[in-house]
Amino acid sequence: MAGEIYSFRLGLNSCYLIRGTDIVMVDGGNPNKLGKFKRVLSKLNISPDKIKLIILTHSHFDHSGSAREISEFTGAKIAIHESERSFVETGGIIIPKGVNAWGKITKAPFFAIFRRVNFPRFTPDILITSELYRLDEYGIKGSIIHTPGHTYGSLSVVLDTGEAFVGCMAHNGLPFRFSPGLPIYALDIKTLIMSWRKLIEMDLTMIFPGHGKPFSVDIIRRAIRKYSTKA
């Protein structure tokens, strides 16, 4: 089963290390963050070769930007959903919609900047499908789960103990939100809500977002109820 969970930022992105018999990393942060990643490992006294897998919740640059460099440094394999393979191999960006007022206002300027950001391309080692992907071989009782909505290939990592690492299924912090809740951008908000309902049925306790600090799943339950009354 999973032991420690380590959280740190690589640029805009909150990244996570989950320790079992091996270590699995969730998301690869902004481009050019290998130096900071090395300092994180040194501070935590973690040998690079203990990291065996890097799971990318989706292909946006702030989640995938340093994945290739970290993979080359640690020897870890990279996993991403099969539908987003081309974005990390050849480029391009998925442009979601603004979900709320702030998302609609900021979408054009933010994604104009995002379009200009390049990161080292790579070929993923593992392509995740709609099938649940267990992490037992790394000594971690948990699964990679396809949770479309922010992008159609968005992934979440859910531990059997109730912790969920959800990428941009949720936001908690500037420049996106002042407080935790649903994301301000989603390719399909209805699909995202369906993904959340699927996850909540798995007895979640804590949400670890791709941006910001962890928070209780109760906040998402309330956000979904509020969304449902408006829909």
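The model shown is predicted, which means the values in this text are computed figures rather than measured ones.
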Apply side chain to side chain contact (heavy atoms under 4.5 Å, CB included) to Leu53 and Asp125, showing your working.
-> CA-CA 9 Å; Leu53 180 65; Asp125 303 284; over 6 Å; no
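- Aromatic ring pairs are classed by plane angle as parallel below 30°, tilted from 30° to 60° and perpendicular above 60°; the pair Phe110 and Phe114 is tilted.
- At a threshold of 4.5 Å between side-chain heavy atoms, the hydrophobic network of Ile, Leu, Val, Met, Phe, Trp and Tyr places Ile144 and Ile126 in one connected group.
- In this structure, the side chain of Trp196 does not engage the main chain of Ile224 through any donor-acceptor pair within 3.5 Å.
- In this structure, His211 has its ring center closer than 6.0 angstrom to the ring center of His63.
- Remark: Phe208 engages Tyr16, Phe165 in a ring-ring contact (aromatic ring centres under 6.0 Å, His included) (not counting sequence neighbours).
- Linking Ile, Leu, Val, Met, Phe, Trp and Tyr residues whenever their side-chain heavy atoms come within less than 4.5 Å leaves Ile80 and Ile128 in two separate clusters.
- A donor-acceptor pair under 3.5 Å is absent between the side-chain atoms of Asp27 and the main chain of Cys15, judged by distance alone.
- Taking every heavy atom of both residues into account, Thr106 and Tyr185 meet most closely at OG1-OH, 2.6 Å.
- The shortest non-hydrogen separation linking Ile70 to Gly28 is CD1-O, 4.0 Å.
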From CA spacing to verdict: side-chain hydrogen bond (donor to acceptor under 3.5 Å, both in side chains), Ser156, Thr147 = CA-CA 6 Å; Ser156 296; Thr147 50; 2.9 Å; yes
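- Using a 4.0 Å cut-off between a side-chain N of Lys or Arg and a carboxylate O of Asp or Glu, Asp136 and Arg134 qualify as a salt bridge.
- When all heavy atoms of Asn172 and Pro214 are compared, the pair lying nearest together is ND2-O, 4.5 Å.
- Note that CG of Asn30 and NZ of Lys36 are 9.5 Å apart. Values are rounded to the nearest 0.5 Å.
- Evaluated for a side-chain contact (heavy atoms from CB on, under 4.5 Å) with Leu192, the options Pro183, Ser154, Pro96 yield exactly one hit, Pro183.
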Under the salt bridge (charged side-chain N to carboxylate O under 4.0 Å, His left out) criterion, do Glu72 and Arg68 qualify, and how do the steps go?
-> CA-CA 6 Å; Glu72 291 172 347; Arg68 191 181 88 180; 3.5 Å; yes
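- Between Arg19 and Glu4 there is a salt bridge, with a side-chain nitrogen of the basic residue lying less than 4.0 Å from a carboxylate oxygen of the acidic one.
- Side-chain contact of Ser86 with Glu84: a donor-acceptor pair under 3.5 Å is absent, judged by distance alone.
- Thr191 and Tyr152 share no side-chain donor-acceptor pair at under 3.5 Å.
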Tell me, with the steps shown, if His150 and His58 meet ring-ring contact (aromatic ring centres under 6.0 Å, His included).
-> CA-CA 9 Å; His150 177 67; His58 58 294; 4.8 Å; yes
